[in-house]
Amino acid sequence: MAKRNGISISTIVAVGIGSPLFVILGRFGSIPSGLPDTNIETTYALLALIAVLYGPIAGVLVGLIGHTLKDAIFYGSPWFSWVIASAVVGLIIGLASGRLKIEDGQFGGRQILKFNLFQIAANVIAWLVVAPFLDILIYAEPVNKVFAQGVVAGGSNIAAVGVIGTLLLLAYSRTRTRQGSLTKEV
């Protein structure tokens, strides 16, 4: 695979396609949660898919670029604490991608469990630690507000990635040839 400065062409293409898809899903695939400025987002299932398939660099960049563009287009300016949290989700899931063996066509019960444990950890770190603390440090937001938003965002993202992300990865794994499934004819 051709690389330029350590980043593969497929990673660049994944970021180029994933970032606008993040924006589109952020606009048309968001469900209001009832809490101000906090939605139930399907975008994180897409982010998880890209991070698993293309690794942590793609995950970070789609989270950063996609969330920045979404906020700039739909809200007028990026909310950087949440942009960084999105990048953290992409990073952690991308780092875990090597343990899932999805390219080998193996995405059964154990891999689904591993994926969901990693995505839960990623969302908890991003939405219950990174986003609230950066909201307080950068924007001087009230503590009770940012942690309430973090709980709703984290919980809804865990659910969305757990259901939609798992289904996307299952569907993708079915397109791969299972390692060791081909035999040599004599």
Side-chain angles (χ1 to χ4, degrees), residues 14-97 112 115-169:
V15 171
I17 293 170
S19 297
L21 284 175
F22 190 101
V23 174
I24 292 166
L25 281 174
R27 173 65 175 100
F28 298 108
S30 294
I31 303 162
S33 70
L35 196 61
D37 303 319
T38 309
N39 296 317
I40 299 167
E41 299 279 356
T42 59
T43 55
Y44 292 95
L46 170 75
L47 179 60
L49 175 70
I50 290 171
V52 167
L53 297 183
Y54 297 98
I57 293 172
V60 166
L61 292 175
V62 169
L64 279 172
I65 296 166
H67 201 135
T68 299
L69 290 172
K70 181 186 81 148
D71 282 2
I73 292 167
F74 300 114
Y75 303 112
S77 66
W79 194 261
F80 286 108
S81 54
W82 285 43
V83 168
I84 293 167
S86 291
V88 167
V89 170
L91 173 68
I92 293 170
I93 295 173
L95 288 171
S97 66
I112 290 170
F115 166 71
N116 278 290
L117 290 174
F118 286 124
Q119 71 93 358
I120 289 167
N123 278 298
V124 166
I125 292 167
W127 303 111
L128 298 178
V129 178
V130 174
F133 283 104
L134 289 177
D135 275 345
I136 293 165
L137 290 172
I138 297 170
Y139 301 108
E141 290 286 321
V143 173
N144 59 344
K145 174 188 171 193
V146 297
F147 282 101
Q149 287 176 323
V151 166
V152 171
S156 65
N157 291 345
I158 287 168
V161 174
V163 174
I164 301 167
T166 299
L167 290 173
L168 288 171
L169 289 169

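The figures that follow rest on heavy atoms only: side chains count, while hydrogens, waters and symmetry mates do not.
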Chemist: So, for V89 and L47, which heavy atoms are closest and what is the spacing to 0.1 Å?
Modeler: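 Nearest pair, atom of V89 first, then L47: CG1-CD2, 4.0 Å.
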Chemist: Tell me if the aromatic rings of W127 and Y44 count as close, with their centers under 6.0 Å from one another.
Modeler: yes
Chemist: Which atom pair, heavy atoms only, marks the closest approach of G59 to A51?
Modeler: CA-CB, 4.0 Å
Chemist: How many angstroms lie between atom CG of L64 and atom CD1 of I84, to the nearest 0.5 angstrom?
Modeler: 7.5 Å
Chemist: Provide the closest heavy-atom pair for S86 versus G63 in the form atom of the first, atom of the second, distance.
Modeler: CB-O, 3.7 Å
Chemist: Do you know which two heavy atoms are closest between V23 and K70, and how far apart they sit?
Modeler: CG2-N, 3.7 Å
Chemist: Answer yes or no: is there a side-chain heavy-atom contact under 4.5 Å between L46 and T42?
Modeler: no
Chemist: How about F133: does its CZ atom have over 12 heavy atoms from other parts shown lying under 6.0 Å from it?
Modeler: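 12 or below, so no.
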Chemist: What's the separation between atom CG in L61 and atom CD1 in I65, rounded to the nearest 0.5 Å?
Modeler: 5.0 Å
Chemist: Between the main-chain N or O of V163 and the side-chain N or O of T166, is there a donor-acceptor pair closer than 3.5 Å?
Modeler: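 Such a contact is absent between T166 side chain and V163 backbone.
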Chemist: Do L134 and F80 have side chains that get closer than 4.5 Å, going by heavy atoms?
Modeler: no
Chemist: Can you find a pair of side-chain heavy atoms, one from K145 and one from L35, that are under 4.5 Å apart?
Modeler: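 Not in contact.
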Chemist: First locate atom CD1 of I112, then atom CG of L167, and finally report the distance between them rounded to the nearest 0.5 Å.
Modeler: 8.5 Å
Chemist: So, do W79 and D135 sit near enough that their side-chain heavy atoms are less than 4.5 Å apart?
Modeler: yes
Chemist: To the nearest 0.5 Å, what is the distance between OG (S19) and CD1 (I24)?
Modeler: 11.0 Å
Chemist: If you look at every heavy atom in F115 and G165, which pair is closest and at what distance?
Modeler: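 So the minimum-distance heavy-atom pair works out to CE2-C, 4.1 Å.
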Chemist: Taking the side chain as every heavy atom from C-beta outward, state whether V152 and Q149 have any atom pair closer than 4.5 Å.
Modeler: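 Not touching, per the 4.5 Å side-chain cut-off.
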Chemist: Between OG1 of T68 and CZ of F22, what distance do you get to the nearest 0.5 Å?
Modeler: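 Rounded to the nearest 0.5 Å, the OG1-CZ separation comes to 9.0 Å.
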Chemist: Can you tell if the side chain of N39 reaches within under 4.5 Å of the side chain of I31, non-hydrogen atoms only?
Modeler: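 No; the side chains remain at least 4.5 Å from each other.
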Chemist: Are the side chain of T38 and the backbone N or O of P36 linked by a donor-acceptor pair below 3.5 Å?
Modeler: yes
Chemist: Return the CD to CG distance between Q119 and L169, rounded to the nearest 0.5 Å.
Modeler: 10.0 Å
Chemist: Any heavy-atom pair between the side chains of Y139 and V146 that's under 4.5 Å?
Modeler: no
Chemist: Does a donor on one side chain and an acceptor on the other come within less than 3.5 Å for S77 and D71?
Modeler: no
Chemist: Side chains of I158 and V124: does their closest heavy-atom pair fall under 4.5 Å?
Modeler: yes
Chemist: Looking at A45 and A160, what are the two nearest heavy atoms and their distance?
Modeler: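 That closest heavy-atom pairing would be CB-O, 4.1 Å.
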